[in-house]
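Notes for the one structure printed next.
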Amino acid sequence: MRLESDHRTGRKEYRRLLRRAKIMADYNHRETEKYWQQFWDDHDTYKPETQTDKPKYYVLDMFPYPSGAGLHVGHPLGYIASDIVARYKRLKGYNVLHPMGFDSFGLPAEQYAIQTGQHPAITTEQNRERYIEQLKNIGFSFDWTREVRTSDPNYYKWTQWIFMELFRSWYNKDTDRAEPIETLLDKFARNGTTDANAVCDEDAPTFTAAEWNAMSARESYEITLKYRLTYLADAVVNWCPALGTVLANDEVKDGVSERGGYPVEQKLMRQWMMRITAYADRLLTGLDTIDWTESLKEQQRNWIGKSVGASVKFPILEKEQEVGKGYNPSSPSSLSSPSSFIEVFTTRVDTIYGVTFMVLAPEHELVSQLTTPEQREAVEAYVSAAKMRSERDRMADTKAVSGVFTGSYCINPLNNEKVPIYLADYVLAGYGTGAVMAVPSGDQRDWNFATHFGLPIIPILDAQKDIDQQADNTKEGRYINSGIIDGMTYQQATPALIDWLEGGGLGRGKINYRMRDAVFSRQRYWGEPVPVYFKDGLPYLIDESDLPLELPAIDKYLPTETGEPPLGRAEDWKYKGQSDGSRYEYELSTMPGWAGSSWYWYRYMDPNNDAAFASKDAINYWQNVDLYIGGTEHATGHLLYSRFWNKFMKDRGYVPQEEPFKKLINQGMIQGRSNFVYRVKGTGTESIAPVLVSLNQINEREVTPLHVDVNIVENDVLDIEAFKVSRPDLTENAEFIVESDGRYVVGTEVEKMSKSKFNVVNPDMIVEKYGADVLRLYEMFLGPLEQAKPWNTNGIDGVYRFIRKFWRLFYKDNVDGTSTWIVTDDELTPAELKILHKTIQKAESDIEAYSFNTSVSSFMICVNELATLNCHKRAILQDLVLILSPYAPHITEELWAALGNEAGSISKAQFPTFNPAYLVEDAFEYPIQINGKVRTTISFAIDRAPTEIEREVLADEIVQKWLDGKSPKKVVVVPKRIVNVVI
RNA sequence: GCCGGGAUGGCGGAAUCGGUAGACGCGAUGGUCUCAAACACCAUUGUCUGCAAGGACAUGCCGGUUCGAGUCCGGCUCCCGGUACCA
């Protein structure tokens with residue numbers, strides 16, 4: 001545009017044109033960013049090389065669930081960090097795999113389908129497209145040609161295939177790995193169960209080879225089901241009778257369904273399970289080999305919850321039996337059947353003489369047998385009340401003591417004492433044996449229970465203190481009241497007791513895990529169908545050639561009238577038997593959300609393979625994930641299941657690495673920052689117009705806070721006009737009481753980011769206004785990656801200014817609206833080199849430490865200092881462009897080309913080399929402390945001897961003043977750090 | 001309840017090994033430029049006290065170790081994540 005100050009054009013108009021022209025000449029992020037995004041797409045810039053000598057580097061993000069609300073500013077936080085690492089590693093000479101995809105099965109899509117009748121595949125696809133568009137706008141260096149979607153039949157074919165492999169495998173404790181089921185059958189045929197050291201169901205029978213070989217096909221098949229790594233068992237679910245469906249824990253609030261508010265009860269249902277407990281020990285020890293944060297490893301360790309203890313059998317006292325009258329607890333007859341004793345697991349077998357009662361979970365299988373007629377009514381009431389409480393409520397509630405006596409007794413095998421049997425809901429059926437031997441002197445919960453029910457509290461260690469006030473769980477001192485261990489120490493007592501118990505067949509040393517086998521069925525539609533059909537009541541795998549078993553169409557996404565899962569609605573959905581043409585019922589449950597995400601990092605290696613989940617070549621090249629970034633909320637779910645499947649696949653020879661994710665970083669959650677306007681109470685009714693008062697003008701007024709859209713608020717000041725337009729319901733005829741400067745100041749609160757709180761900030765608006773580079777820099781600048789923080793755009797202008805200041809190192813705006821390239825080839829000064837190399841060093845060490853916020857600030861310092869020095873020299877700026885490029889890929893790609901390099905080639909360049917020679921200092925400014933407080937600073941040469949420093953410091957005028965004639969007690973000189981004079 | 005994490009100016013945060021608390025940025029205040037605004041630039045900005053030089057206080061709270069503690073130890077408070085069917 002040509003501009004002339006023409007006499008016919010008024011001065012005002014001229015300036016208006018000038019202003020427009022100036023904006024145009026300034027850096028235009030919209031055009032530039034679009035241009036390079038298109039360029040990268042067109043040139044497959046970020047596809048890894050296939051023929052290369054470069055080392056590989058695999059950077060992975062936890063893939064998102066494509067929700068209807070679209071990508072919000074919290075999602076990109078981790079993606080930006082991983083993208084910076086990916087781009088940095090390319091500059092460092094690695095062949096980088098950096099893919100993205102979608103975890104596209106899940107409850108919200110199904111919930112939406114229930115409400116609208118829309119097939120979840122359709123809404124999921126719409127959401128996916130929106131996510132991709134939003135992700136592309138941010139300039140990530142993903143190789144989109146490798147995108148995976150867990151709900152795509154070409155993907156879930158392999159999820160189903162892995163399920164089948166698990167079904168076809170058992171865990172051999174001798175080799176400590178999973179093996180094909182055939183090796184187990186082989187052992188059975190040769191030696192029966194004697195040398196089959198397997199992880200299996202508790203009720204798996206023992207048999208000889210002859211017995212095995214004589215079994216019918218059905219019998220032996222039934223037995224193998226007890227060994228497979230995926231198997232059917234009863235598990236507790238949230239059953240809502242009114243909705244006729246199983247609910248997720250998320251859908252249950254305060255014991256009633258979130259939808260409708262109907263009562264929810266705990267119900268046992270037949271479910272597919274995963275034998276993850278077989279891997280408990282390897283999941284534990286594997287943690288020592290991977291570079292994850294200690295806190296995350298600790299969470300997994302606690303989740304697995306290995307405890308070393310003993311299991312002990314307490315014989316049940318038959319009604320007619322009397323203790324001491326010919327009763328022999330260790331006689332074989334008293335322990336002959338599983339219903340003749342109660343088995344407990346304890347980590348403190350040494351406290352067994354302190355047992356004064358037994359507590360069973362209300363779900364314990366012996367409850368009805370143990371309940372005496374007099375107690376039946378009370379027990380039944382207690383059991384049904386417990387059914388209404390979730391496991392978490394039961395664990396959390398430690399204040400209220402509740403329980404009920406069954407009327408029966410068992411025998412403490414050590415001292416033949418009669419022990420009353422109670423039920424209490426703090427004992428969980430799923431942990432240990434669902435029974436606890438209660439030692440009130442040593443366990444606080446048992447102590448509370450004993451006190452409440454008036455049961456005796458027996459001291460067992462002479463070191464126990466104040467046990468009439470509270471339990472004392474000490475292991476110190478010597479045992480008292482303790483029969484065979486009287487006088488022993490803890491270290492002596494435990495082995496002595498275990499020996500005694502083992503000798504009598506009454507117990508044994510045992511390792512117990514808190515972790516339970518994982519429930520793998522969901523009574524849902526939008527998940528992978530389980531590739532199983534039922535014949536005569538037994539499950540069989542479908543033929544591998546029939547994979548993928550695709551989701552059938554159904555009319556409604558609800559359970560059937562008879563309470564079967566939604567797949568029961570599918571018409572004519574039956575498995576066609578092999579030869580005889582008969583048809584069989586499919587499994588009607590689907591897989592849980594974590595199925596598809598437990599192996600997806602392998603699919604990215606070779607996403608379009610039809611013959612395998614990924615080719616051997618691809619897996620052998622990429623091995624495992626070098627850096628994985630995602631939220632801590634996955635600590636014990638996804639990250640544990642993924643490690644489990646990975647170990648299984650390694651055992652079966654499909655993958656080479658024991659652990660899938662070498663290094664893991666958790667990004668903190670971005671919370672919403674809600675804004676509020678305040679309506680004076682009593683206004684805004686039908687007859688009274690609303691009065692809306694600014695935060696600092698509320699004073700004595702009674703007000704109701706109302707959420708206001710954060711997108712019409714800037715620096716906590718409301719755009720009143722925009723508010724009126726967007727919310728006429730709240731603002732019709734409204735009176736606004738504003739601050740003295742005319743502004744309306746809103747209130748704020750940190751909450752979860754959600755549509756209903758009007759606090760969702762969408763990255764697209766930021767990208768449009770400030771550009772993707774600014775969004776990327778700003779999200780990193782916000783604070784440490786791993787820390788949770790509320791989203792707040794208050795500081796984004798600073799980053800925006802930084803980008804323009806950076807641009808002005810290259811271009812100067814002219815008065816006529818054009819701009820001039822001002823980069824020179826002048827020689828560099830030591831000061832400039834020092835600034836540059838300080839920044840190179842900082843950028844490199846920060847990126848290696850994943851401290852992205854501090855490197856952004858070092859870039860700001862660098863640009864500020866270069867601007868102050870008026871430095872526009874090519875040799876400095878070219879390196880600066882390179883080190884900034886992982887953070888701000890668009891503007892740097894533009895400037896890289898402007899500097900005369902090949903377009904689009906910055907990601908193939910080399911990261912500048914740091915040279916420490918430029919940073920050498922010859923003096924250090926010592927802070928001088930008097931009694932730990934800095935009073936002055938004095939500069940000394942780097943190599944100055946501490947004794948000389950001490951002498952000069954003491955001679956210093958200010959130090960003399962503080963000494964006030966006294967001589968110092970002590971002088972601490974730490975070279976290149978500090979001097980402290982103690983008076 | 002249990003497990004894990006966190007708390008530093010008006011705000012986001014920095015201080016990497018126990019060594020100058022508050023880098024960098026936002027906001028605010030004053031100024032330059034402008035008819036005006038925006039942009040840009042300059043200066044000030046933890047609190048209290050003092051004319052000033054300076055001094056006192058200060059990293060959620062209480063106590064300890066140390067020449068020296070935001071950092072290490074003991075005891076609390078509050079907030080966040082997970083708690084087995086949200087992903």
Side-chain angles (χ1 to χ4, degrees), chain A residues 11-12 15 19 22-23 26 62-65 67 103 105-108 235 237-238 246-252 271 293-296 298-299 301-303 305 391-399 426 430 445 515-519 521-524 592-594 597 631-638 640 666 668-669 671 715-716 750 778 781-784 786-790 792-799 801-802 804-805 808 813 845-846 849 851 853-854 856-861 864 925-929 931-934 936-937 968-972 974 976-982:
Chain A
R11 183 172 156 79
K12 203 171 173 180
R15 298 199 68 89
R19 191 168 66 234
K22 192 169 177 192
I23 290 163
D26 214 354
M62 288 185 188
F63 60 169
Y65 172 78
S67 90
D103 191 10
F105 274 132
L107 263 187
V237 296
N238 299 308
V246 173
L247 297 176
N249 288 337
D250 245 37
E251 297 173 300
V252 184
Q271 306 278 7
T293 58
E294 212 34 58
S295 63
L296 197 94
E298 201 57 22
Q299 281 188 67
R301 286 190 193 110
N302 292 333
W303 182 268
E391 208 172 77
R392 198 183 307 175
D393 285 344
R394 285 167 55 174
M395 283 189 294
D397 190 2
T398 49
K399 301 245 156 43
Y426 73 80
R445 225 164 17 177
M515 182 170 68
R516 316 197 280 256
D517 278 343
V519 182
S521 315
R522 298 294 183 266
Q523 283 63 51
R524 298 283 172 182
W594 55 268
S597 59
T632 19
E633 64 271 24
H634 301 285
T636 49
H638 164 62
L640 208 54
N666 291 122
M669 190 191 224
Q671 294 148 310
N715 291 332
D716 297 341
V750 173
Y778 183 61
F781 189 55
L782 218 45
E786 299 181 70
Q787 192 174 302
K789 53 213 148 217
N792 184 343
T793 38
N794 282 356
I796 200 163
D797 287 322
V799 173
R801 280 174 206 151
F802 160 73
R804 284 182 300 171
K805 204 164 179 179
R808 285 199 304 270
D813 293 334
S845 63
D846 279 351
S851 175
N853 55 325
T854 49
V856 175
S857 89
S858 74
F859 295 142
M860 288 175 168
I861 294 167
N864 286 344
E925 184 88 3
Y926 280 85
I928 312 299
Q929 294 183 331
N931 288 337
K933 292 199 170 158
V934 179
T936 184
T937 59
K969 279 192 197 141
K970 188 174 181 182
V971 180
V972 182
V974 186
K976 287 210 281 181
R977 287 236 181 258
I978 207 157
V979 177
N980 191 9
V981 180
V982 185

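Here the structure is a predicted model, which means the values were calculated and not measured. Within every chain, numbering begins at 1; the chains are lettered A, B, ... in the order of the sequence lines, protein sequences first and strands thereafter.
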Requested in this report: For A7(B) and A14(B), measure between their C1' atoms and round to the nearest Å.
Outcome: 16 Å
Report task. For the residue pair Ser858(A) and Val856(A), establish whether any side-chain heavy-atom pair is separated by less than 4.5 Å. Result -> no
Query raised in the report: Between Lys805(A) and Val982(A), which is nearer to the 5' end of RNA chain B once each is assigned its nearest nucleotide?
Result: Lys805(A)
Requested in this report: Please state how far atom CZ in Arg804(A) lies from atom P in G25(B), giving the value in whole angstrom units.
Outcome: 15 Å
Report task. Quick one: look up who U34(B) pairs with, Watson-Crick or G-U, both distances under 3.5 Å, and put none if it's unpaired. Result -> none
Report task. Name the nucleic acid region contacted by Asn864(A), choosing base, sugar-phosphate or nothing; use a 4.0 angstrom heavy-atom cut-off, strictly under. Result -> sugar-phosphate
Requested in this report: Look through every strand shown and name the nucleotide pairing with U44(B) as Watson-Crick or G-U wobble, where both distances are under 3.5 Å.
Outcome: A28(B)
**Report entry** Pairwise P distance for U34(B) and C26(B), with rounding to whole Å
**Finding:** 25 Å
Report task. Remember a base hit wins even if backbone is also touched, and classify Gln271(A) as base, sugar-phosphate or nothing at under 4.0 Å, heavy atoms. Result -> base
**Report entry** Span that lies between the C1' atom of U44(B) and that of G9(B), in whole angstrom
**Finding:** 15 Å
Report task. Give a yes/no on whether any side-chain N or O of Arg516(A) is located under 4.0 angstrom from OP1 or OP2 of A84(B). Result -> no
Query raised in the report: With a 4.0 Å cut-off, would you call Arg301(A) and Glu298(A) a salt bridge?
Result: yes
Requested in this report: Assign C17(B) to syn or anti; the rule is syn for a glycosidic angle within 90° of 0 and anti otherwise.
Outcome: syn
**Report entry** C41(B) OP1/OP2 closer than 4.0 Å to side-chain N/O of Arg801(A)
**Finding:** no
Query raised in the report: Touch check for Val237(A), heavy atoms < 4.0 angstrom, all strands: base, sugar-phosphate only, or nothing?
Result: base
Query - side-chain contact (heavy atoms from CB on, under 4.5 Å) between Val979(A) and Val972(A), worked out - result: CA-CA 6 Å; Val979(A) 177; Val972(A) 182; over 6 Å; no
Query - Inter-nucleotide P distance (A69(B), U45(B)), Å rounded - result: 26 Å
Report summary line: Protein heavy-atom contacts under 4.0 Å, written 5' to 3' over nucleotides 15-23 of chain B as B (base), S (sugar-phosphate only) or - (none), form the string -B--BB--B
Report summary line: So CD of Gln787(A) and CG of Leu782(A): to nearest 0.5 Å the spacing works out to 9.5 Å
Report task. Heavy atoms only: give me the nearest Tyr65(A)-Asp103(A) pair and the separation to one decimal. Result -> CD1-O, 3.1 Å
Query raised in the report: Considering only the P atoms, how many Å lie between A36(B) and A53(B), rounded to the nearest integer?
Result: 36 Å
Query raised in the report: Which nucleotide in the set G4(B), C85(B), C86(B) lies at the smallest distance from any side-chain heavy atom of Ser295(A)?
Result: G4(B)
Report task. Flag the pair Met669(A) / Thr632(A) as yes when at least one side-chain heavy-atom distance between them is below 4.5 Å, and no otherwise. Result -> no
Report task. Would you mind pulling out the nucleotide paired to C85(B), Watson-Crick or G-U wobble, both distances under 3.5 Å? Result -> none
Requested in this report: Determine, step by step, whether Val799(A) and Met860(A) satisfy the side-chain contact (heavy atoms from CB on, under 4.5 Å) criterion, reporting the C-alpha distance in whole Å, the side-chain angles of both residues, the deciding distance to 0.1 Å, and the verdict.
Outcome: CA-CA 9 Å; Val799(A) 173; Met860(A) 288 175 168; 4.0 Å; yes
Query raised in the report: What's the base orientation of G9(B): syn (chi within 90° of 0) or anti?
Result: syn
Report task. Please step through side chain to side chain donor-acceptor pair (under 3.5 Å) for the pair Thr937(A) and Glu925(A), ending with a clear verdict. Result -> CA-CA 6 Å; Thr937(A) 59; Glu925(A) 184 88 3; 2.8 Å; yes
**Report entry** Distance test, side-chain N/O of Lys970(A) to OP1/OP2 of C67(B), below 4.0 Å
**Finding:** yes
Report task. Indicate, with a heavy-atom threshold strictly under 4.0 Å, whether Met62(A) touches base, sugar-phosphate, or nothing. Result -> nothing
**Report entry** C57(B) phosphate, OP1 or OP2, under 4.0 Å from Lys933(A) side-chain N/O
**Finding:** yes
Query raised in the report: Is the closest side-chain heavy-atom distance between Arg522(A) and Leu107(A) below 4.5 Å?
Result: no
Report summary line: Between NZ of Lys789(A) and C1' of G5(B) the distance, given in whole Å, is 13 Å
Query raised in the report: 5'-most contact on RNA chain B: Ser858(A) or Leu782(A), nearest heavy atom basis?
Result: Leu782(A)
Report task. In whole angstrom, give the distance that lies between atom CG of Leu296(A) and atom P of G5(B). Result -> 10 Å
Report task. For C41(B), take OP1 and OP2 only and decide whether either is under 4.0 Å from a side-chain N or O of Arg808(A). Result -> yes
Query raised in the report: Any side-chain heavy atom of Met515(A) within less than 4.5 Å of one from Leu640(A)?
Result: yes
Query - Opposite nucleotide pairing with U65(B), Watson-Crick or G-U, both atom distances under 3.5 Å - result: none
Query - Sugar-phosphate only, base, or nothing, as touched by Pro64(A) at under 4.0 Å among non-hydrogen atoms - result: nothing
Report task. Spell out protein contact along nucleotides 78-83 of chain B as letters: B when the base is contacted, S when just the sugar-phosphate is, - when no protein heavy atom is under 4.0 Å; keep the 5' to 3' order. Result -> --SBSB
Query - Same-atom distance (P) from U20(B) to A43(B), integer angstrom - result: 26 Å
Query raised in the report: If we only count heavy atoms from C-beta on, is the Asn980(A) to Val971(A) side-chain gap below 4.5 Å?
Result: no
Query raised in the report: Quick one: is Gln787(A) getting a side-chain N or O under 4.0 Å of the G13(B) phosphate, OP1 or OP2?
Result: yes
**Report entry** Asn931(A) CG - C67(B) P separation (whole Å)
**Finding:** 12 Å
Query raised in the report: Separation of Tyr65(A) atom OH from C86(B) atom C1', in whole Å?
Result: 10 Å
Requested in this report: State, without any angle test, whether Lys805(A) and Asn864(A) hold a side-chain donor-acceptor pair at a distance under 3.5 Å.
Outcome: yes
Report summary line: Applying the 3.5 Å cut-off to both distances, the Watson-Crick or G-U partner of G60(B) turns out to be C76(B)
Query raised in the report: Which base sits across from U20(B) as a Watson-Crick or G-U pair, both distances under 3.5 Å?
Result: none
Query raised in the report: How far, in whole Å, is U47(B) from U59(B) if one measures between their P atoms?
Result: 15 Å
Requested in this report: Using the P atoms only, state how far A58(B) lies from C48(B), rounded to an integer number of Å.
Outcome: 15 Å
